[in-house]
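Accompanying notes for the structure given below.
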Amino acid sequence: MFCKASLITVALALMASATPVARDQGISINLAKRSSLTKEDGTFDHEAAILHNIHIHNKYQRNLRALQANTGGLPKDFQIKEFRTVPDSLQKRATGSESLTDEEDDEEWAGKISVGTPAQSFLIDFDTGSSDLWIPSSSCTSSTCSSKSKYKASSSSTSAKKSGTFSIEYGDGSTVSGPIYTDTVTVAGLTATGQYFSPVTTLSSSFSDDPIDGILGLAFPSLSNLGENPFFNTLISEGKVTSGVFGFKLASTGSTLFLGGTDTSKYTGSIEYHSVDTSTGFWQATGAKAVVGSSAAVSNFDTVIDSGTTIIYGPPSAVKTFYSKIEGSKVYDESEGYYEYPCSTTESVGFSWGGKTWTVSAKNFNLGSAGSSGQCVGAIAGQDIGLGESTWLLGDSFMKNVYTAFSFDEDAVGFAALA
């Protein structure tokens with residue numbers, strides 16, 4: 001359901017240090033990114049936005065089910081809810097039968113990895129909002145797999161099949177499922193041995209027009225549907241990196257992922273770190289406030305920082321309060337939680353965790369024209385995805401404004417000003 005890809009760059013450390021690591025100690029690989037929720041003509045892509053809402057709702061419901069299975073319970077206010085399904089009117093688009101060549105790029109951040117011995121190459125989405133690695137199998141029976149790179153276990157001397165199966169469900173009713181294996185997994189020279197993953201034999205039609213082959217999760221192990229360490233945690237446990245930190249710069253150009261530290265060429269000043277609540281399995285920073293102008297519109301909530309989410313989501317009541325502080329705002333789509341506001345507004349929008357207020361630029365806040373005179377759709381939407389009344393989800397619309405560091409060493413997430 002996604003279209004044209006452009007190239008961006010990701011840097012990953014070959015040599016890591018407990019202090020920030022300069023980019024010249026890393027290695028660069030090409031990444032592709034996929035479409036945004038704004039059409040080429042500058043209008044809001046309403047259908048794509050609805051599909052993204054469904055995708056994110058179901059992603060977090062899968063996460064909560066995995067968290068409950070792995071820990072025996074859920075944090076306060078988290079709730080298991082029914083999966084959402086794609087409306088019949090959008091099924092054609094959701095299965096990739098309709099070309100979306102009118103969309104610009106900005107939703108997914110992906111790069112090459114290799115699996116097995118000898119290496120088999122795959123284009124992977126790096127996702128801080130999930131914890132599993134899956135790629136298509138050579139035994140995949142889904143038509144969606146025909147255009148994907150496929151893993152052949154029998155061709156790898158380091159491949160080992162494990163007991164159990166892997167399965168996740170998507171909004172169109174289709175699934176990603178397959179057996180469980182271990183093998184060597186390498187990203188830009190950093191190799192995890194015995195890494196758990198699934199070479200899937202069924203692949204959701206949601207990925208038909210998506211350039212990626214699979215997903216590599218970077219959240220905490222407790223979210224893993226496989227019940228095992230994610231790739232970066234395996235690198236840490238095997239001593240392949242000496243710093244359990246990775247950093248993202250997401251932008252129209254020069255985007256980077258750095259493993260084993262932070263890329264000091266991509267930001268200025270120091271990184272402002274904030275503790276995360278590890279009981280949730282997410283990169284969930286506490287004590288946040290949403291700021292409009294110079295005043296807090298909503299205060300004292302948690303924020304999940306997720307590179308696999310395009311926009312920003314908050315509880316419906318909190319998002320309603322937020323937009324009430326922007327003069328001229330009104331509901332655009334009540335059921336999906338989108339609001340419109342005057343495109344000409346001079347009010348700034350940002351988030352703070354007790355230190356600096358990190359501003360969301362006017363460009364990143366604007367999802368496109370609402371179709372009515374002078375109104376634009378905002379990148380903050382109200383959705384109940386099962387995270388309760390005090391947790392927001394901050395995706396790329398926020399992350400594109402800052403350098404973001406994720407530290408397993410300190411159980412913290414941090415932000416710095418872009419260079």
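Between His46 and Tyr338, the gap from one ring centroid to the other reaches at least 6.0 Å. In this structure, the ring of Phe408 has its center less than 6.0 angstrom from the ring center of Trp283. In this structure, Phe258 has its ring center no closer than 6.0 Å to that of Phe248.
Within 6.0 Å of the CD atom in Glu410, the count of heavy atoms belonging to other residues, nucleotides or ligands does not exceed 12. Shown here is Glu334, whose CD atom has no more than 12 heavy atoms of other residues, nucleotides or ligands within 6.0 Å.
There is a side-chain donor-acceptor pair under 3.5 Å between Ser177 and Thr202. Thr158 and Ser156 are linked by a side-chain donor-acceptor pair at a separation below 3.5 angstrom, with hydrogens and angles left out of the test. For the residue pair Thr278/Asp411, the side-chain donor-acceptor check at 3.5 Å is not satisfied. Side chains of Glu238 and Thr193: a donor on one and an acceptor on the other come within 3.5 Å. When only modelled atom types and interatomic distance are considered, Thr43 and Asp41 share a side-chain donor-acceptor pair under 3.5 Å. Residues Trp353 and Thr303 bring a donor and an acceptor atom of their side chains to less than 3.5 Å of each other. The closest side-chain donor-acceptor pair between Asp277 and Gln284, if any, does not fall under 3.5 angstrom.
Taking the side chain as every heavy atom from C-beta outward, Phe231 and Leu259 approach each other to under 4.5 Å.
A distance of 6.5 Å separates CZ in Phe232 from CZ in Phe246, rounded to the nearest 0.5 Å. The distance from atom CD of Gln120 to atom OG1 of Thr186, rounded to the nearest 0.5 Å, is 12.0 Å. Annotation: the span from Thr309 atom OG1 to Ile385 atom CD1 amounts to 7.0 Å, rounded to 0.5 Å. Remark: Asp306 CG to Ile311 CD1 distance equals 11.5 Å, nearest 0.5 Å. Here the straight-line distance linking atom CG of Leu394 with atom CH2 of Trp358 works out to 13.5 Å at 0.5 Å rounding.
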Step-by-step side-chain contact (heavy atoms from CB on, under 4.5 Å) determination, Trp392 to Ile380: CA-CA 10 Å; Trp392 291 48; Ile380 297 178; 3.8 Å; yes

Step-by-step side-chain contact (heavy atoms from CB on, under 4.5 Å) determination, Leu64 to Gln61: CA-CA 5 Å; Leu64 294 185; Gln61 282 303 306; 3.8 Å; yes

Val298 vs Val319, side-chain contact (heavy atoms from CB on, under 4.5 Å): CA-CA, chis, key distance, verdict: CA-CA 8 Å; Val298 185; Val319 171; over 6 Å; no

Test log, rule side-chain contact (heavy atoms from CB on, under 4.5 Å), inputs Leu418 and Lys400: CA-CA 9 Å; Leu418 292 172; Lys400 287 185 292 184; over 6 Å; no

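Contact record, Lys148 with Lys150: O-NZ, 2.8 Å, taken as the closest heavy-atom pair. Scanning all heavy atoms of the two residues, the minimum distance from Lys289 to Ala296 falls at CD-CB, 3.9 Å.
Using a 4.0 Å cut-off between a side-chain N of Lys or Arg and a carboxylate O of Asp or Glu, Lys76 and Glu389 do not qualify as a salt bridge.
Considering Leu223, Leu226, Asp127 as possible partners of Asp132, the one that fulfils the side-chain contact (heavy atoms from CB on, under 4.5 Å) test is Leu226. When Phe398, Phe406, Tyr403 are each tested for a ring-ring contact (aromatic ring centres under 6.0 Å, His included) with Phe415, only one passes: Phe398.
Figure legend: cation-pi geometry between Arg65 and Tyr60 absent, as NZ or CZ is not positioned both under 6.0 Å from the six-membered ring centre and within 45° of its axis.
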